[in-house]
Amino acid sequence: MDRLNGSLLWVTSAMALFNATLRSARPMAFMIWLLASATIGVVAIDELFMLHEKAIEITGDDDHPKILLIACAGVGIYILSKIERLHTSAQALLWCGFFAHFCYLLADMGDGDYFDLPLGRVTLTWIEEYLELTSTALYFSALYVQCFNVVTKSKKR
């Protein structure tokens, strides 16, 4: 599952980079998309090589990097929505991805780290994995829809 999610994150990073190239005439939008691409790329590397798992050896759990990640995702979506005219569907998919991301974090933290969800540990692990993959897929879909919308608008002109 980590390799699948990491691969999907790579494609999402590439889609953010493609969105950046479509905004090369608008420096602020270009930089935000470029930063998004780089950030998602770093998360992909982390996912593929399980680097945040090393936090367990240091802090006893890997929740702190995950909390930071969702905070960055929320801030990034907010900033992107302020500087970019996001397609309605793209914006909805971004926020749905954020919600799935939040639910993933709750499932991860609900295994006894911070509180207990009334589910078995194996069930929680699978719920966590599926929600992580779902959030990444929704983020990718949002970036694809936004890119498609920009390209089709430019062809109509």
Checking Ile77 against Tyr139 for the side-chain contact (heavy atoms from CB on, under 4.5 Å) test, could you report, in this order, the C-alpha distance in whole Å, the side-chain angles of both residues, the deciding distance, and whether it holds?
CA-CA 10 Å; Ile77 293 168; Tyr139 288 147; 3.9 Å; yes
After noting the C-alpha distance and the side-chain angles of Leu8 and Leu4, does the key distance pass the side-chain contact (heavy atoms from CB on, under 4.5 Å) rule?
CA-CA 6 Å; Leu8 186 54; Leu4 178 61; 5.8 Å; no
Which is it for Asp108 and Glu132 under the side-chain contact (heavy atoms from CB on, under 4.5 Å) test, yes or no, and what are the steps along the way?
CA-CA 10 Å; Asp108 183 50; Glu132 182 179 28; over 6 Å; no
Check the pair Leu17, Trp33 against side-chain contact (heavy atoms from CB on, under 4.5 Å), reporting the backbone distance first and the verdict last.
CA-CA 7 Å; Leu17 185 59; Trp33 281 106; over 6 Å; no
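Put simply, the side chain of Arg3 never gets that close to the backbone of Leu48: no donor and acceptor are under 3.5 Å apart. Side-chain atoms of Thr125 come within 3.5 Å of backbone atoms of Arg121 as a donor-acceptor pair (strictly under, hydrogens ignored). The backbone N or O of Ala100 lies less than 3.5 Å from no partner atom in the side chain of Ser135, so there is not a single donor-acceptor pair.
Residues Leu93 and Val151 fall into different hydrophobic clusters, defined by Ile, Leu, Val, Met, Phe, Trp and Tyr side chains chained together at heavy-atom separations under 4.5 Å. A chain of hydrophobic side-chain contacts below 4.5 Å, direct or via other Ile, Leu, Val, Met, Phe, Trp or Tyr residues, connects Val11 to Val43. Linking Ile, Leu, Val, Met, Phe, Trp and Tyr whenever their side-chain heavy atoms come within less than 4.5 Å puts Ile79 and Leu69 in one cluster. Following chains of ILVMFWY side-chain contacts shorter than 4.5 Å, one cannot reach Leu68 starting from Met50, and the two form parts of different hydrophobic clusters. Linking Ile, Leu, Val, Met, Phe, Trp and Tyr residues whenever their side-chain heavy atoms come within less than 4.5 Å leaves Met28 and Leu35 in two separate clusters.
Residue Phe49 places its CZ atom among 12 or fewer non-hydrogen atoms of other residues, nucleotides or ligands, all under 6.0 Å distant.
Not less than 6.0 angstrom separates the ring centroid of Trp95 from the ring centroid of Phe99.
Considering CG of Asn19 and OG1 of Thr21, their distance stands at 7.5 Å, rounded to 0.5 Å. Note: Asp111 CG to Glu128 CD = 7.0 Å, rounded to the nearest 0.5 Å.
Residues Ser13 and Ser37 approach most closely at OG-O, 2.7 Å, considering heavy atoms. Across all their heavy atoms, Gly110 and Leu124 have their closest contact at O-CD1, 3.5 Å. Taking both residues in full, the closest heavy atoms of Ala29 and Ile83 are given as CA-CD1, 3.5 Å, listed atom of the first, atom of the second, then distance. Among all heavy-atom pairs drawn from Ile40 and Ala16, the shortest one is CD1-CB, 4.4 Å. Taking both residues in full, the closest heavy atoms of Phe30 and Arg23 are given as CB-O, 3.4 Å, listed atom of the first, atom of the second, then distance. Among all heavy-atom pairs drawn from Thr12 and Phe140, the shortest one is OG1-CB, 3.2 Å.
Residues Arg26 and Glu84 form a side-chain contact, since some pair of their non-hydrogen atoms from C-beta on lies under 4.5 Å apart. Proximity of Ile67 to Leu105: side-chain heavy atoms (C-beta onward) are separated by under 4.5 Å at one or more points. With a 4.5 Å cut-off on side-chain heavy atoms, Asp46 and Val42 do not count as touching. Side-chain contact between Tyr104 and Glu129: absent, with no pair of heavy atoms (C-beta onward) separated by less than 4.5 Å. Residues Phe98 and Ile70 are in side-chain contact: their nearest non-hydrogen atoms beyond the backbone lie under 4.5 Å apart. In this structure the side chain of Leu106 reaches within 4.5 angstrom of the side chain of Phe115, judged on heavy atoms. No side-chain heavy atom of Glu47 sits under 4.5 Å from any side-chain heavy atom of Thr136.
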Name the atoms and distances for all side-chain donor-acceptor pairs under 3.5 Å in residues 142-150, with sequence neighbours left out.
| from | atom 1 | to | atom 2 | distance (Å) |
| --- | --- | --- | --- | --- |
| Gln146 | OE1 | His87 | N | 2.7 |
| Gln146 | NE2 | Arg85 | O | 3.3 |

